[in-house]
Asks: 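Sending over a structure as structure tokens; questions will come in a sec.
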Protein chains: 2
Amino acid sequence: MPDSLRQFKADIFQALAHPTRIAILEFLSEGELSAGALIEKLGMDQANVSQHLAVLRARQIVVNRKAGNQVFYSIRDPTIGKVLALMRKYFHTQLKETIGMLDEMEHTR
Amino acid sequence: MPDSLRQFKADIFQALAHPTRIAILEFLSEGELSAGALIEKLGMDQANVSQHLAVLRARQIVVNRKAGNQVFYSIRDPTIGKVLALMRKYFHTQLKETIGMLDEMEHTR
DNA sequence: CCGTTATATTAGCATTTTCGCATATACTGA
DNA sequence: TCAGTATATGCGAAAATGCTAATATAACGG
């Protein structure tokens, strides 16, 4: 595989590599939301959220729709939602293993 | 979801967000490889590859096994392989859409 | 046209990442 | 123990990222 394709994938992962952007995508995975609604749900600064949205837009992970005064965001390809769901599963496995390890250490103390 | 969990996910994505590390994981998804074998397949500097392996190790995405002189790496959880496979699919969709768009532009020129 | 609301963009700064190079560590066989 | 091979680590510079504060743009109601 040419490196440019790997660069493309790396760029997508890079876009996902921030807690705020993950939060944004988790909210959006339940449906379209306005920028303002996201800002409120996240409880973060307007400019900050807008910048994170710009990152997601640049990678075409989200698309936006202008309606009068507001801008509504949604996830462009549901595959991204699946990636996040897989990540959730991965996280649970990792967590369980860690707990198991701690448990083991407890017993052999 | 607490932000610390999102930070954890973000850290995993961060670890995947580099073309070289994606290449490493794609090679490893076919099975265990020694550091030297990876360096040869990648055609990159030894120290550089070693540093990327360190990133993947720190996030526990890969594990290593020492055998005499060499160190063999493998992917710890197959879920990571699935994430990469999904990414491949995502990439194809995106590519097809882009081509379709270009095609459209061609016809309406 | 004006003030207000919603959103985006810019600039400056601190932090993090990546790379190349040099060096360190670990194991092997003679 | 010594030379050689395999791998890891430390360090400094350059580039990318993220935050805050300020400013810009766009649409609305009056």
Side-chain angles (χ1 to χ4, degrees), chain A residues 3-4 6-28 31-76, chain B residues 3-4 6-25 27-28 32-76:
Chain A
D3 194 66
S4 59
R6 292 201 178 108
Q7 181 64 60
F8 172 83
K9 286 187 203 172
D11 284 344
I12 305 294
F13 284 127
Q14 179 62 53
L16 301 180
H18 194 285
T20 300
R21 293 197 290 267
I22 290 182
I24 289 174
L25 292 173
E26 283 176 344
F27 283 130
L28 289 184
E32 189 186 58
L33 281 176
S34 72
L38 275 170
I39 288 159
E40 204 207 316
K41 278 173 182 281
L42 293 165
M44 309 187 68
D45 198 59
Q46 181 271 324
N48 196 348
V49 174
S50 192
Q51 280 173 340
H52 285 298
L53 284 171
V55 171
L56 294 172
R57 243 185 305 128
R59 307 288 157 78
Q60 309 219 49
I61 293 170
V62 301
V63 291
N64 56 5
R65 169 177 76 82
K66 213 165 188 170
N69 219 2
Q70 296 170 289
V71 179
F72 288 87
Y73 281 88
S74 54
I75 296 180
R76 192 180 59 81
Chain B
D3 194 68
S4 59
R6 291 199 179 110
Q7 182 62 59
F8 173 84
K9 285 187 202 173
D11 284 344
I12 305 294
F13 284 127
Q14 178 61 51
L16 302 179
H18 193 285
T20 301
R21 293 196 291 268
I22 290 182
I24 289 174
L25 292 174
F27 283 129
L28 289 184
E32 189 187 56
L33 282 176
S34 72
L38 276 171
I39 288 160
E40 205 206 316
K41 278 172 182 280
L42 293 165
M44 310 188 67
D45 197 60
Q46 181 272 322
N48 196 348
V49 174
S50 193
Q51 280 173 337
H52 284 298
L53 285 171
V55 172
L56 294 172
R57 245 185 304 128
R59 306 286 158 78
Q60 309 219 47
I61 292 170
V62 300
V63 289
N64 56 7
R65 169 177 77 81
K66 215 165 187 169
N69 219 1
Q70 295 170 289
V71 179
F72 288 87
Y73 281 88
S74 54
I75 296 181
R76 193 180 58 81

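The sequence lines fix the lettering, A, B, ..., with proteins before strands; numbering per chain opens at 1.
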Asks: Send over the distance from B:Leu33 CG to D:dT7 C1', rounded to a whole Å.
Replies: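 Atom-to-atom, B:Leu33 to D:dT7, this comes out as 15 Å.
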
Asks: Which residue is it: B:Val55, B:Leu16, B:Val49? I am looking for the one with a side-chain contact (heavy atoms from CB on, under 4.5 Å) to B:Arg21.
Replies: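 The single option meeting the side-chain contact (heavy atoms from CB on, under 4.5 Å) with B:Arg21 is B:Val55.
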
Asks: State, with a plain yes or no, whether a side-chain heavy atom of A:Leu56 is found less than 4.5 Å away from one of A:Leu28.
Replies: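 No, side chains not in contact.
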
Asks: For B:Asn48 and D:dT7, give me the distance from atom CG to atom C1', rounded to whole Å.
Replies: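 After rounding, the reported distance stands at 14 Å.
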
Asks: Closest to the B:Ala47 side chain: C:dA22, C:dA8, D:dT17?
Replies: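 From the listed options, C:dA22 comes nearest.
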
Asks: Does D:dT7 have OP1 or OP2 under 4.0 Å away from a side-chain N or O of B:Arg57?
Replies: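 Answer is no, no contact under 4.0 Å.
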
Asks: On the nucleotide D:dT17, are OP1 or OP2 found under 4.0 Å from the side-chain N or O atoms that A:His52 carries?
Replies: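 No, outside the criterion.
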
Asks: Could you state the CG-C1' distance from B:Leu53 to D:dA8, rounded to the nearest angstrom?
Replies: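 To the nearest whole Å, that distance equals 10 Å.
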
Asks: Let me know the distance between CG of B:Asp45 and P of C:dT18, rounded to the nearest Å.
Replies: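 Going from B:Asp45 (CG) to C:dT18 (P), I get 16 Å.
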
Asks: Assign each of A:Val55 and B:Ala35 to its nearest nucleotide of DNA chain D by heavy atoms, then name whichever residue's nucleotide is nearer the 5' end.
Replies: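 Looking at the nearest nucleotide for each, B:Ala35 comes out on the 5' side.
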
Asks: D:dA15 phosphate, OP1 or OP2: any side-chain N/O from B:His18 under 4.0 angstrom?
Replies: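 The answer is no; no side-chain N or O of B:His18 sits under 4.0 Å from OP1 or OP2.
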
Asks: Give B:Ala54 one of three labels, base, sugar-phosphate or nothing, depending on what nucleic acid heavy atoms sit under 4.0 Å from its own.
Replies: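 No contact.
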
Asks: Measuring only between side-chain heavy atoms, which start at C-beta, is B:Leu25 closer than 4.5 Å to B:Ile61?
Replies: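 Of all side-chain heavy-atom pairs linking B:Ile61 with B:Leu25, at least one is under 4.5 Å.
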
Asks: Would you kindly give the CZ-to-C1' distance between A:Phe13 and D:dT17, to the nearest whole Å?
Replies: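 Checked: the CZ to C1' distance equals 19 Å.
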
Asks: Rounded to the Å, how far apart are B:Gln51 CD and C:dT23 C1'?
Replies: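 From B:Gln51 CD to C:dT23 C1': 13 Å.
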
Asks: So, do A:Glu26 and B:Lys9 sit near enough that their side-chain heavy atoms are less than 4.5 Å apart?
Replies: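 Side-chain contact under 4.5 Å: yes.
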
Asks: Going 5' to 3' through nucleotides 25-30 of chain C, assign each nucleotide B (protein heavy atom under 4.0 Å from a base atom), S (under 4.0 Å only from sugar-phosphate atoms) or - (no protein heavy atom that close).
Replies: -SBS--

Asks: Where the side chain of A:Gln70 is defined as all heavy atoms beyond and including C-beta, which of D:dT9, C:dT7, C:dT10 is the nearest nucleotide?
Replies: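 So the nucleotide nearest the side chain must be C:dT7.
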
Asks: Taking atom C1' of D:dA26 as reference, at what distance in whole Å does atom CD of A:Gln46 sit?
Replies: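 Rounding to the nearest Å, CD of A:Gln46 and C1' of D:dA26 are 13 Å apart.
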
Asks: Reading DNA chain C from 5' onward, which residue's closest nucleotide shows up sooner: B:Met44 or A:Ser50?
Replies: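 Counting from the 5' end, the first nearest nucleotide belongs to A:Ser50.
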
Asks: Count the heavy atoms of every other residue, nucleotide or ligand shown that sit under 6.0 Å from CD of A:Glu32, and state whether that count exceeds 12.
Replies: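 Counting other residues, nucleotides and ligands, CD of A:Glu32 exceeds 12 neighbours.
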
Asks: With side chains defined as the heavy atoms from C-beta onward, is the minimum distance between B:Ile22 and A:Phe13 less than 4.5 Å?
Replies: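 Yes, their side chains come closer than 4.5 Å.
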
Asks: May I ask you to decide if the ring planes of B:His52 and B:His18 are parallel, tilted or perpendicular, using 30° and 60° as cut-offs?
Replies: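 B:His52 and B:His18: tilted rings.
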
Asks: Name the closest nucleotide to the A:Tyr73 side chain, picking from C:dA8, D:dT20, C:dA6.
Replies: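 In terms of side-chain proximity for A:Tyr73, the closest of C:dA8, D:dT20, C:dA6 is C:dA8.
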
Asks: Rounding to a whole Å, what distance do you find between B:Ile24:CD1 and C:dT18:P?
Replies: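 Spelled out: CD1 on B:Ile24 to P on C:dT18 is 12 Å.
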
